[in-house]
Amino acid sequence: MSESTGDGVSVVEGLAKVEVPAGRVCKSDDVFYNPRMRICRDLSVLSALVFLENYNIKEGFVLDAFAASGIRGLRYLLECGSHVGKVVFNDLNPKALDCVRHNLGLNGIDKSRAELMMEDARVAMLRLRNKCDVVDIDPFGSPSKYIDCAAEAMAKISMLGVTATDTAPLCGTYPVVCYRKYLATSYRYDGMYEAGLRILAAYIIRIFAKHEKAFLPVICFGREHFLRVQGVVKRNLREVDRLLLKRLGYLSVCENCGHRVLAEEKTSRCEVCGSEKVKNAGPLWTGEFLNEGFCKSMARKIEKEVGWLSDESVKVINLLQEEARVKKGLIYDTHFVCKKWKLKFPPRVERLVEALKDHGHDASRTHLKPTAIRTTARIDEIVEVSRKMKM
Ligand SMILES: C[S@@+](CC[C@H](N)C(=O)[O-])C[C@H]1O[C@@H](n2cnc3c(N)ncnc32)[C@H](O)[C@@H]1O
Ligand SMILES: [Zn+2]
């Protein structure tokens with residue numbers, strides 16, 4: 001919801017109200033605010049709340065490392081109740097900090113609960129070494145250069161959320177850039193957001209390992225303009241080794257038949273059609289994409305208490321909960337399957353999900369694409385079930 005107030009625009013988002021300069025949303029704006037990122041903020045704050053409750057953390061310490069208008073930090077303060085005690089709002093841009101100051105007043109936030117910092121986010125994170133219960137990294141473009149310092153900032157048990165808006169490298173349009181930034185090869189295919197998220201998660205895991213901290217992803221989500229990974233951080237070397245050695249690998253896609261598989265090693269031959277035209281994306285995270293218990297707790301919050309989520313976010317959280325149940329499933333776009341296997345029509349997503357379940361496979365819709373499914377079935381099995389379905 002927004003209304004114009006002369007030289008600024010007043011926006012209500014969740015329980016917070018902010019005033020931001022009027023104008024287009026672009027990098028050169030005085031103070032950046034993008035209403036299209038609301039869903040990202042809704043889910044970031046809700047997952048922090050679930051984490052803080054799960055670990056019984058009261059008066060938690062939060063760093064909003066790229067604050068801009070302060071909307072995220074304000075929402076942590078207003079929506080996490082007694083679980084958040086203080087937020088540090090950091091931004092390099094002095095105009096952003098003026099805006100944060102104004103918005104703190106607008107929301108009646110007590111001075112003792114907010115601190116302003118004007119540092120490069122890396123410096124801010126090093127200053128707050130081992131102190132932060134929640135760190136929110138939401139830069140322009142790639143977050144890759146901030147992850148080392150984030151590892152330093154995290155408390156013994158804490159939550160890190162990272163946004164990447166450089167979806168083109170991560171999702172395979174620019175694989176060379178992806179390699180440079182994330183030390184992994186990306187690949188463009190119909191389920192590319194999943195591979196992009198898994199590459200981002202693996203990158204954070206590897207960087208954190210150097211700092212002897214385990215980063216365990218609990219929700220990976222996104223839209224075409226951003227990817228976001230939220231994970232629990234623990235200072236626990238055994239977990240570091242378990243995560244690193246056992247659950248980093250590759251997502252391999254057969255260019256001949258479209259089959260795909262997650263494995264520890266690269267695949268050279270397709271198990272469905274025998275083709276050697278197989279492309280490997282990675283190293284990436286092959287473990288849980290969405291933690292079922294965590295997603296359930298988020299969904300329970302919608303039913304019980306949280307009235308501050310947008311309708312779109314509620315829909316996405318319900319989809320995340322469905323998707324989390326399909327533990328070993330991968331994403332397939334029904335339009336891609338239809339074209340590749342020369343089906344007459346793409347099957348309707350909801351009906352295909354039900355039909356796959358009737359045939360003993362795990363399947364669900366996915367929040368990443370309305371025309372896609374997540375399933376444990378192989379591509380030839382998806383095709384077989386689709387052919388049996390009555391149109
Ligand atoms: C994408 S915006 C943040 C949006 C905000 N988190 C939100 O949800 O509306 C990125 C912000 O980071 C700031 N910034 C850019 N580089 C920075 C750096 N190295 N350290 C700290 N802040 C930085 C910019 O001034 C800008 O306000
Ligand atoms: Zn194949």
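We count ligands from 1, going down the list as the structure has it; atoms in each ligand are counted the same way. Remember, it's a predicted structure, so these values are computed and weren't measured experimentally.
Taking a cut-off of under 4.0 Å to the non-hydrogen atoms of Glu119, the atoms of ligand 1 that pass are 20 (N), 21 (C). Remark: ligand 1 atoms within the under-4.0 Å shell around heavy atoms of Ile71 are 7 (C), 8 (O), 9 (O). Atoms of ligand 1 lying under 4.0 Å from at least one heavy atom of Asp138, given by number and element, are 1 (C), 2 (S), 3 (C), 4 (C), 5 (C), 6 (N), 7 (C), 8 (O), 10 (C). Annotation for ligand 1: atoms under 4.0 Å from non-hydrogen atoms of Asp120 are 19 (N), 20 (N). Within ligand 1, counting atoms from 1 as listed, the ones closer than 4.0 Å to a heavy atom of Ala121 are 18 (C), 20 (N), 21 (C). Those atoms of ligand 1 with a heavy atom of Ala68 less than 4.0 angstrom away are 3 (C), 4 (C), 5 (C), 27 (O). Listed by number with element, the atoms of ligand 1 under 4.0 Å from a non-hydrogen atom of Phe32 are 1 (C), 2 (S), 4 (C).
In terms of polar-atom proximity, Pro139 is not counted as a contact of ligand 1, lacking any N or O under 3.5 Å from an N or O of the ligand. Some N or O of Arg41 is nearer than 3.5 Å to an N or O of ligand 1, by distance alone. Geometrically, ligand 1 and Tyr146 share a nitrogen or oxygen pair separated by less than 3.5 Å. Polar contact check, Phe66 against ligand 1: a nitrogen or oxygen pair lies under 3.5 Å apart.
Remark: side-chain polar atoms of Thr375 are paired, donor with acceptor, to backbone N or O of Ala377 under 3.5 angstrom.
Here the straight-line distance linking atom CG of Asn90 with atom CZ of Arg127 works out to 9.0 Å at 0.5 Å rounding. Between the CG atom of Leu309 and the CG atom of Leu43 there is a distance of 7.5 Å, given to the nearest 0.5 Å.
The shortest non-hydrogen separation linking Arg378 to Glu271 is NH1-O, 4.0 Å.
When heavy-atom distances to ligand 1 are checked against a 4.0 Å cut-off, Asn90 comes that close only through its side chain, counted from C-beta outward. Counting heavy atoms under 4.0 Å from ligand 1, residue Phe89 does not touch it at all.
Geometric assessment of Arg260 against the ring of Tyr189 yields a negative cation-pi assignment under the 6.0 Å and 45° thresholds.
Rounded to 10 degrees, the SG-metal-SG angle spanning Cys270 and Cys257 at the Zn ion (ligand 2) equals 100°.
Defined by atom type and a distance below 3.5 Å, a donor-acceptor pair is present between the side-chain atoms of Glu13 and Tyr33. In the model, Arg72 has a side-chain atom that pairs as donor or acceptor with a side-chain atom of Ser44 under 3.5 Å. Between the side chains of Asp362 and Thr376, no donor-acceptor pair of N or O atoms lies under 3.5 Å.
The aromatic ring centroids of Phe32 and Phe66 lie 6.0 Å or more from each other.
Ring geometry for Phe51 against Tyr55 counts as tilted: the plane angle lies between 30° and 60°, on a 0 to 90° scale.
The residue from Asn93, Asp91, Val100 that puts a heavy atom closest to atom 24 (C) of ligand 1 is Asp91.
In terms of protein heavy-atom proximity, atom 18 (C) of ligand 1 is closest to Leu92 CD1, 3.5 Å.
Within 6.0 Å of NZ on Lys301 lie more than 12 heavy atoms contributed by other residues, nucleotides or ligands.
Not a single N, O or S atom of His259, from either the backbone or the side chain, sits less than 2.8 Å from the Zn ion (ligand 2).
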